[in-house]
2 protein chains.
Amino acid sequence: MCARPRNPQACEAWQLLLQFSFSQRASLPALASELELSPAQCHLLNLIADQPMPMGQLAGSLSCDASNVTGLVDRLESRGLVQRSPSAEDRRVKVLSLTPTGERLRAALIARMTSEPPTLTRLSPADQRALVRILRRLLD
Amino acid sequence: MCARPRNPQACEAWQLLLQFSFSQRASLPALASELELSPAQCHLLNLIADQPMPMGQLAGSLSCDASNVTGLVDRLESRGLVQRSPSAEDRRVKVLSLTPTGERLRAALIARMTSEPPTLTRLSPADQRALVRILRRLLD
DNA sequence: TATTGTTATACTCTATAACTATA
DNA sequence: TATAGTTATAGAGTATAACAATA
C-alpha cells in the first residue's frame, strides 16, 4: 500500500493511525447519539474549553467555513448548551461559551469517550507507557 | 479529564488517540477535496478493497444505514468509480467493486493520505518501530 | 477598504419509514 | 415471513456568494 516510502516504519505507523481514525469515524455517531449529539457537535464541544472562544477561531479549529459554525452554534444554542456574547474589544466578534448545562454535557461526552478504553488493556503496562510517551511527542 | 480511571496509562493513551482522530477529522475535508471526494466517500473507498463487497456489509463497516450507502454509491457510480453487480448466490444482494478509474483514484487517495507522514519524523527509529508494534496489537 | 459573523442557496450526508424483489 | 436494497422524505452538515455591522 505504501509505495516506495522513504521511511517504511513511519509510513506504516501513519497508516495504522489513519486506520484508527476511520474506525473512530465509524463509532462516533452511535456514541454521539447516546447524548443526542451529532458527530460535528461532539467535535465542537471537544474543542471549546474553559475560556470562551471566538466563532472564527472555532471555524479555524474545525477547518470549516464560518457559515457552517453559525448553523452548528444555532442548534447548540437553541438547546441551551452554548452562549454567544459580543466581544468587548472588537464588537464584530462573538465569543462562544458553554452554559452550565453545556459544561455538564461536555463532561459527560468526554467521560463517555474516554471510559473503559476498549482494547487498550491488551497492551502490557510497559507498552501503554510507551504509547503515551510516543503519542505525546507526536501530538505536541 | 479522566476521572477516577482504573488504569491511568490506558486512559491517557486513549485520550491521545481520540485527539489524533479529531485532528484527522478536521484535516480530511481538505485532503478529500483535492481529489474531488467527500470525507464519507473517502471512508467508503478506504474500506472497499480488492474483492467486491456487498452493499450491506459496507453499511455495517461504515456503521450507517443501508439507505445512506445507496446514495453514496449512486454518486460514486455516476462518476464511474464503482460498479454494482448482482450476486450470483443471492440475487437480492448487490456487490460493489471498483472500476479501473476507481482503483486509480483509491490508490491516489491512499498515497495522498500516507505520503510524507507529517510529524512522524520527530520520532526516533526505535519509537517508530515501537509505535507500529503497539498499534498493530491494538488494531488487530 | 478589510474583517466578523449572518443569511440565502444548493448539495451532500444521514436516518426513518414504506416499498420491491428475492429468499 | 424475513432480508437486501431502493425510494421518499426530512433534517443536519457543508461551502459559496451576498450582505450587515464594525474596524
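Numbered from 1 within each chain, the chains take letters A, B, ... in sequence-line order. Excluded from the calculations below are hydrogen atoms, water molecules and symmetry mates; all remaining heavy atoms, backbone and side chain alike, are included.
Note: CZ (A:Arg91) to C1' (D:dA20) measures 14 Å, nearest angstrom. Residue A:Glu89 contributes atom CD, which lies 14 Å from atom P of C:dT4 at whole-angstrom precision. One interatomic measurement links the two molecules: CG of A:Leu44 to C1' of D:dA12, which rounds to 14 Å at whole-angstrom precision. For A:Arg75 and D:dA10, the CZ to P distance is 18 Å, given to the nearest whole Å. Spacing between atom CG of A:Leu37 and atom C1' of D:dA12 amounts to 13 Å, rounded to whole angstrom units. In this structure, CE of A:Met53 is placed 16 Å from C1' of C:dG5, rounded to the nearest angstrom. Residue A:Leu28 contributes atom CG, which lies 17 Å from atom P of D:dA12 at whole-angstrom precision. To the nearest angstrom, P of C:dT12 lies 10 Å from CZ of B:Arg79.
Applying the side chain to side chain donor-acceptor pair (under 3.5 Å) test between A:Glu12 and each of B:Arg129, B:Gln128, B:Arg136 identifies B:Arg136 as the sole match.
To the nearest 0.5 Å, atoms SG (B:Cys64) and CG (B:Leu72) are separated by 6.5 Å.
When all heavy atoms of B:Ser61 and B:Met53 are compared, the closest pair comes out as OG-CE, 3.8 Å. For the residue pair B:Leu98 and B:Arg106, the shortest heavy atom distance occurs at CD1-CD, 3.5 Å. In terms of heavy atoms, A:Thr114 sits closest to B:Gln15 at CG2-CG, 3.4 Å.
Side-chain N or O atoms of B:Arg112 include none that pairs as donor or acceptor with a backbone N or O of B:Glu34 at under 3.5 Å.
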Test B:Arg137 against A:Asp127 for salt bridge (charged side-chain N to carboxylate O under 4.0 Å, His left out), laying out the working first.
-> CA-CA 10 Å; B:Arg137 191 173 309 168; A:Asp127 277 353; 3.2 Å; yes
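Along DNA chain D, the nucleotide closest to A:Asp65 and the one closest to A:Ser38 are compared, and the more 5′ of them pairs with A:Ser38. Residues B:Val95 and A:Leu72 both approach DNA chain D. Their nearest nucleotides, taken by heavy-atom distance, put B:Val95 toward the 5′ side.
You'll find that the side chain of A:Thr70 is closest to C:dT6, out of C:dT6, D:dG13, D:dT6. Across D:dA23, C:dT14, D:dT14, the shortest atom-to-atom separation from the side chain of B:Asn68 is found for C:dT14.
Note on the helix from C:dT1-D:dA23 to C:dA23-D:dT1: angle between the axes of the first and last five pairs equals 0°, rounded to 10 degrees.
Using a 4.0 Å cut-off between a side-chain N of Lys or Arg and a carboxylate O of Asp or Glu, B:Asp74 and B:Arg84 qualify as a salt bridge.
A 4.5 Å side-chain heavy-atom check between A:Glu36 and A:Arg79 finds at least one atom pair inside the cut-off.
The phosphate of D:dG5 (OP1 or OP2) has no side-chain N or O of B:Arg84 nearer than 4.0 angstrom. One finds no side-chain N or O of A:Ser67 lying less than 4.0 angstrom from the OP1 or OP2 phosphate oxygen of C:dA8.
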Distances under 3.5 Å only, N/O to N/O: pair up the protein atoms with those of nucleotides 1-4 of chain D.
residue	atom	partner	partner atom	Å
D:dT3	O4'	B:Arg92	NH1	3.3
D:dT3	O2	B:Arg92	NH1	2.8

